[in-house]
Amino acid sequence: MSSAITAPFTDATGADVKVRFCPSPTGLPHVGLIRTALFNWAYARHTGGSFLFRIEDTDAERDSEESFEMILDALNWLGLNWDEGVNVGGPAEPYRQSERTHIYQEVIEKLKASGHIYESYLTGEELDERNRANGRAVQLGYDNSERELTEEAKAAYRAEGRSPALRLRVPDVDITFTDLVRGEITFPAGSFPDFVVVRPNGQPLYTLVNPVDDALMGVTHVLRGEDLLSSTPRQIALYNALYEAGITKFIPQFGHLPYVMGEGTKKLSKRDPEANLFHHRDRGFIPEGLLNYLALLGWGLSADQDIFTMDELAAAFDVTNVNPNPARFDQKKADAINAAHIRLLGADEFKARLMPYLQSAGVVGATLSEAEQRVLDAAAPLIQERLVVLSEAPDLVSFMFKTADQIVVEEDAKAGLPENTVEVLNAGVAALEAIAESDFKTEVIQAALQAALIDGLGLKPRVAFGPLRTGISGRRISPPLFESMEILGKAETIARLNAFARVA
Ligand code: GLU
């Protein structure tokens, strides 16, 4: 056992790169967490290396199966596929820490035998007392005083019924590493004392199991949130012990990804609705849009291209280009990016993405009738250009799937109507009546209404078309009016306008 860091950092590149995503399953998936998964995925795809997915569920009090399922759901929905790990398998099974207790036990025995971890019996109060008696600040914590405890002293503690915690013997040297995002970082010798890696009850802590698993699984690059930066020197010290005990051959490279900020100077907190990945899915973000936006939280493709695909991300992504400064979650920007990706979808794909939103809003049932399919085929292109999120679609198109008697006029639509609404409706109906059934097409409808209402009655477009729009849809805002009338057909359009004229 040496008093220096003797283990080498890996220089793995290309296909030898192995990154990992190893969340603790607590609560809802946070967008910052998924950004971490995305950057690991992108780095693996960029290098041609592999992406491993492990679950760190050793905290029975906080971890839940529900949260685990949500993380799986999030990764699957986004298409962030992994090459090794949970549900996929691989050479280092199992990939859930709760199933790896026997493995940690073996490592602990080896590190005890090699002298890298040692028994520590002092309680918190005893430590404080010792520090006070020795004129040492209590905040400094542990004083490494049990490094050379004799067998007799240990036996005496045990005779008192005490069980020891296990601490790592930290080399008394500066710990320096080159962070892939932040450059060289040094923690001077003595920055932290020998720390507990196994509780007196035998339970190993995160500071042990996280690097042990990375070592046993051959992880070469640890890309994770900035909040974990302070634990990195401890992990390097532990890695060094694993190296000296013959358990691993290298220390991974580390890169700490920037915080995701909310409003003002605060981190995006779990309580902020936009922190929850599924909030965006419920609103109707599509995976392409959300991934593109998450990638912009600390990275960019180029100064003049904000919109990109996952293939473009994978081709260009290098963790060394990640910006260390905190990244702000900007909902407006995220929305604009999503709208751009919605416009990029092929016509059939767009319809397929809309369906779940139309179904859950009750606009259509589990399957479409032929008539409904025709309406959807015609309506989808009218709204694809205008949607920011897919959840806006049901309100926009539901009137097309209803019958005249089901149309309810919304309050804000009523408020915007002109005084002469009934006159406008009657003139509109007369103009539409004159069109032959087989000619009831957008251009013909537009020409007829234009001639009757704008040229004939001398109305402004807003006054002329507002009542017609509300008459057919019940709403103030709808997809383009003449196209909508064509979709409804002549009889249905006229029936709706007449029905509205009776109550307007
Ligand atoms: N389970 C840890 C967490 O969710 C992961 C730490 C790491 O990426 O090394 O915070």
Side-chain angles (χ1 to χ4, degrees), residues 9-10 17-44 50-72 74-75 80 82 84-86 92 94-101 104 177 179-182 185 195 197 203-239 242 248 250-260 267-270 275-277 294 297-298 319 322:
F9 284 91
T10 179
V17 166
K18 190 187 275 191
V19 289
R20 82 321 189 243
F21 175 52
C22 54
S24 306
T26 59
L28 297 163
H30 189 283
V31 289
L33 181 78
I34 303 301
R35 190 272 317 261
T36 296
L38 173 62
F39 281 10
N40 277 284
W41 176 90
Y43 196 58
S50 58
F51 180 38
L52 180 150
F53 174 35
R54 171 176 87 226
I55 285 288
E56 303 210 320
D57 56 348
T58 51
D59 185 346
E61 305 250 298
R62 297 180 61 222
D63 299 330
S64 74
E65 201 60 19
E66 192 190 359
S67 173
F68 166 64
E69 295 293 341
M70 286 194 285
I71 294 170
L72 278 182
L75 296 181
L80 295 177
W82 56 99
E84 178 182 338
V86 177
Y95 290 92
R96 291 184 69 162
Q97 288 189 330
S98 55
E99 296 165 10
R100 295 176 62 79
T101 311
Y104 305 135
F177 66 100
D179 189 287
L180 296 165
V181 176
R182 284 149 215 280
I185 300 180
F195 56 89
V197 292
Q203 217 210 335
L205 295 173
Y206 158 78
T207 29
L208 180 94
V209 297
N210 174 278
V212 162
D213 280 347
D214 284 345
L216 296 178
M217 295 176 184
V219 169
T220 61
H221 291 69
V222 170
L223 313 180
R224 58 184 178 185
E226 187 177 348
D227 51 323
L228 293 160
L229 180 55
S230 61
S231 70
T232 298
R234 289 174 179 76
Q235 297 196 345
I236 291 175
L238 189 89
Y239 255 102
L242 296 173
T248 190
F250 59 82
I251 306 177
Q253 302 278 335
F254 290 88
H256 291 91
L257 310 172
Y259 284 121
V260 177
K267 275 198 286 175
L268 193 59
S269 119
K270 278 196 180 281
N276 171 11
L277 186 91
L294 293 180
L297 296 173
V319 64
V322 170

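Atoms within a ligand are numbered from 1 in the order they appear, just like the ligands themselves. As the structure is a computational prediction, the values presented were derived from the model and not from experiment. Side chains are part of it too, since the values below use all heavy atoms of this structure and drop only hydrogens, waters and symmetry mates.
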Q.
Distance under 4.0 Å, heavy atoms only, partner ligand 1: which residues pass?
A.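 Lining ligand 1 at under 4.0 Å, by heavy atoms, one finds Arg20, Cys22, Pro23, Ser24, Glu56, Tyr206, Asn210, Arg224, Leu228.
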**Q.** salt bridge (Lys or Arg N to Asp or Glu O under 4.0 Å) involving Arg234 - partner list, sequence neighbours excluded
**A.**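 Testing Arg234 for salt bridge (Lys or Arg N to Asp or Glu O under 4.0 Å), a comparison that skips the adjacent residues, returns none.
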Q) Which of these, Arg54, His221, Lys18, sits in a side-chain hydrogen bond (donor to acceptor under 3.5 Å, both in side chains) with Asp214? A) Arg54
Q: Measure up the Phe21 and Phe53 rings against each other and bin them: parallel (under 30°), tilted (30 to 60°), perpendicular (over 60°).
A: parallel
**Q.** Any donor-acceptor N/O pair, Ser67 side chain to Gly27 backbone, under 3.5 Å
**A.**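 Checked: pair present.
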Q | Donor + acceptor pair across side chains of Tyr95, Asp213 (<3.5 Å) | A |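 No.
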Q: Verify salt bridge (charged side-chain N to carboxylate O under 4.0 Å, His left out) between Arg96 and Glu65, making sure each step is shown before the conclusion.
A: CA-CA 12 Å; Arg96 291 184 69 162; Glu65 201 60 19; 3.1 Å; yes
